[in-house]
S.K.: 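What follows is a single structure, and I will ask about it in a moment.
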Amino acid sequence: MLDIAEELHRWCGEGRAFAVATVVAVEGSAPRQPGAALAVDAEGTAVGSVSGGCVEGAVYELCRAALESGESVRERFGYADEDAFAVGLTCGGALDVLVVPVPPDGHGRAVLAEALAAATAGEPVALARVADGPDGWLGRALLVRADGTHAGTLAGTEGLPGSLDRTVAAEAAALLAAGRTGTVVAGTDDANGSRCGDPVTVLVESCLPPPRMIVFGAVDFAAALVRAGKFLGYHVTVCDARPVFATTGRFPGADEVAVDWPHRYLDAQQAAGALDARTVLCVLTHDAKFDVPLLERALRLPVAYVGAMGSRRTHEARLERLREAGVAERALDRLRSPIGLDLGARTPEETALSIVAEIVAARHGGTGAPLTGAHTPIHHEPRRGRDLDPVA
């Protein structure tokens, strides 16, 4: 649901009635991961997607039915062998969809509205919803903030006085800290919050500010990479020590243009806590006086990706300088250089495509090889700590 937070936040502000269908589980090859959502309002307007097209029509009708009945429902969609035209996933996988109506005066609307407002404002927040459990519990929601405080309730008046909420809030806060969307299974009848009694399955959607892409080197390739990074949902910064090149006029699409020595800027960002495990660093300067002190620091940081531009000869010379600076071989193995995948790229735009393709492959565990004739999975399992789309 949080992947369409901005639109749903507007719907809440307008007092619209709507229903939200959210992917809560996937099996095998499926086009979207848990957290993907489709919302439909009372007028029939739809936003979002749960399958990329395979079952959108059927899920749309489920949303309309939920708006009429006022009841939440969970439905499974899979491949239909007997009828190729039946509602199902032609990719061969299966997905479970939770459909929850949100009337203007519903008891869970306030929690949802608060979660959507926080997500829209860029505040880290998790939304936990019952995806499977006792009758009447389906779709109940709990808002969890980064500090573990929470609002709403999963058990309601039928359950324990807050023990289930506290248990789920603690695990949701841990998922949020890791930047993950996932499921939590908890018991319903232990006053200490341990997992016993009738199980409740809760989907926890984590929503964080956009991940960062920092491009070092205000060159023509950087301008194309800024556009590609923004397309993928990154918050993009361009950094260069030369004020004549590092200008907003040259990089109008960048969220920030910093005039500073690259290594000094990186130190300041690390000290400010502005880097995390989703951050990608792209070094396009290919100038030793900038590259070496920058990479010496970057390769020791727990970021998602560090890549550096340059020829193979430049790369080998850069490695020797980094070794002389005391960078260990294990750290050097993290360096993606020459940067990008082998696409035969020549123009800045093609080069930017090869760089972001490598970033996506690194993020999801892809090989970068053609899918034609391959026997590798098309949809990879999310990687721990890095499985949120830059959307979310």
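We number each residue from 1, following the sequence as shown.
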S.K.: Regarding Q33 and T181, is there a side-chain donor-to-acceptor distance under 3.5 Å anywhere?
M.R.: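 T181 and Q33 do not have a side-chain donor-acceptor pair below 3.5 Å.
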S.K.: List the residues meeting ring pair (Phe, Tyr, Trp, His ring centres under 6.0 Å) with Y265, not counting sequence neighbours, and say none if there are none.
M.R.: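 Checked Y265 against ring pair (Phe, Tyr, Trp, His ring centres under 6.0 Å); zero matches.
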S.K.: Is it the case that the side chain of Y305 and the backbone of C282 share a donor-acceptor pair, with hydrogens and angles ignored and the cut-off at 3.5 Å?
M.R.: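 Judged by distance alone, no pair lies under 3.5 Å.
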S.K.: Is a side-chain donor or acceptor of R297 paired with a backbone partner of P293 at a separation under 3.5 angstrom?
M.R.: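 A pair under 3.5 Å: yes.
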S.K.: Regarding R180 and E205, does a basic nitrogen lie under 4.0 Å from an acidic carboxylate oxygen?
M.R.: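 Salt bridge between R180 and E205, a charged N being under 4.0 Å from a carboxylate O: no.
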S.K.: Heavy-atom count around E14 CD within 6.0 Å, excluding the residue itself: above 12?
M.R.: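 Yes, the 6.0 Å shell around CD holds more than 12 heavy atoms from other groups.
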S.K.: Do the non-hydrogen side-chain atoms of P34 and V24 ever get within less than 4.5 Å of each other?
M.R.: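 Side-chain contact under 4.5 Å: no.
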S.K.: Strictly by side chain to side chain donor-acceptor pair (under 3.5 Å), give each pair with a member in residues 285-294 just once, sequence neighbours left out.
M.R.: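 Passing the test, one end in residues 285-294: T285-D291, D287-K289, D291-R318.
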S.K.: With a 4.0 Å cut-off, would you call E7 and R10 a salt bridge?
M.R.: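 So E7 pairs with R10 through a salt bridge.
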S.K.: I'd like to know whether CZ of R76 has more than 12 heavy-atom contacts from other residues, nucleotides or ligands below 6.0 angstrom.
M.R.: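 Yes, CZ of R76 has more than 12 neighbouring heavy atoms, counting only those of other groups under 6.0 Å.
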S.K.: Quickly, which of V184, T183, V144 forms a side-chain contact (heavy atoms from CB on, under 4.5 Å) with L175? Name it, please.
M.R.: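 Of the listed options, the one satisfying the test is V184.
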S.K.: Between E320 and R323 (salt bridge meaning N to carboxylate O under 4.0 Å), is one present in this structure?
M.R.: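 Counted as a salt bridge, because a side-chain N and a carboxylate O are separated by less than 4.0 Å.
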S.K.: Around atom CG of D342, are there more than 12 heavy atoms of other residues, nucleotides or ligands at under 6.0 Å?
M.R.: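 Incorrect, the count does not exceed 12.
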S.K.: Indicate whether any N or O donor in one side chain lies under 3.5 Å from an N or O acceptor in the other, for T120 and H9.
M.R.: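 Per modelled atom types, T120 and H9 side chains form no pair under 3.5 Å.
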S.K.: Decide, yes or no, whether a salt bridge links R250 with D220 under the criterion of side-chain N to carboxylate O below 4.0 Å.
M.R.: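 Between D220 and R250 there is a salt bridge, with a charged N closer than 4.0 Å to a carboxylate O.
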S.K.: Would you find a donor on one side and an acceptor on the other, under 3.5 Å apart, between the side chain of T45 and the backbone of D41?
M.R.: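 Judged by distance alone, no pair lies under 3.5 Å.
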S.K.: Would D255 and K230 pass as an ion pair if we require N to O under 4.0 Å?
M.R.: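 Yes, charged N to carboxylate O under 4.0 Å.
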S.K.: Tell me whether E43 is salt-bridged to R16, with the criterion being a basic N under 4.0 Å from an acidic carboxylate O.
M.R.: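 Answer for the salt bridge query: no.
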S.K.: Using modelled atom types only, decide if a donor and an acceptor are shared between the side chain of E123 and the backbone of A119 within a distance under 3.5 Å.
M.R.: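 Such a contact is absent between E123 side chain and A119 backbone.
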S.K.: For a 4.5 angstrom cut-off between non-hydrogen side-chain atoms, does L112 reach L127?
M.R.: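 Yes; the side chains approach each other to less than 4.5 Å.
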S.K.: Less than 4.0 Å between a side-chain N and a carboxylate O, is that true for E329 and R334?
M.R.: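 Answer for the salt bridge query: no.
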S.K.: Using modelled atom types only, decide if a donor and an acceptor are shared between the side chain of R212 and the backbone of L275 within a distance under 3.5 Å.
M.R.: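 It does not hold such a pair.
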S.K.: Taking E296's backbone N and O only, do any of them form a donor-acceptor pair with R300's side chain (distance below 3.5 Å, no angle check)?
M.R.: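 Flag set: sc R300 to bb E296 pair under 3.5 Å.
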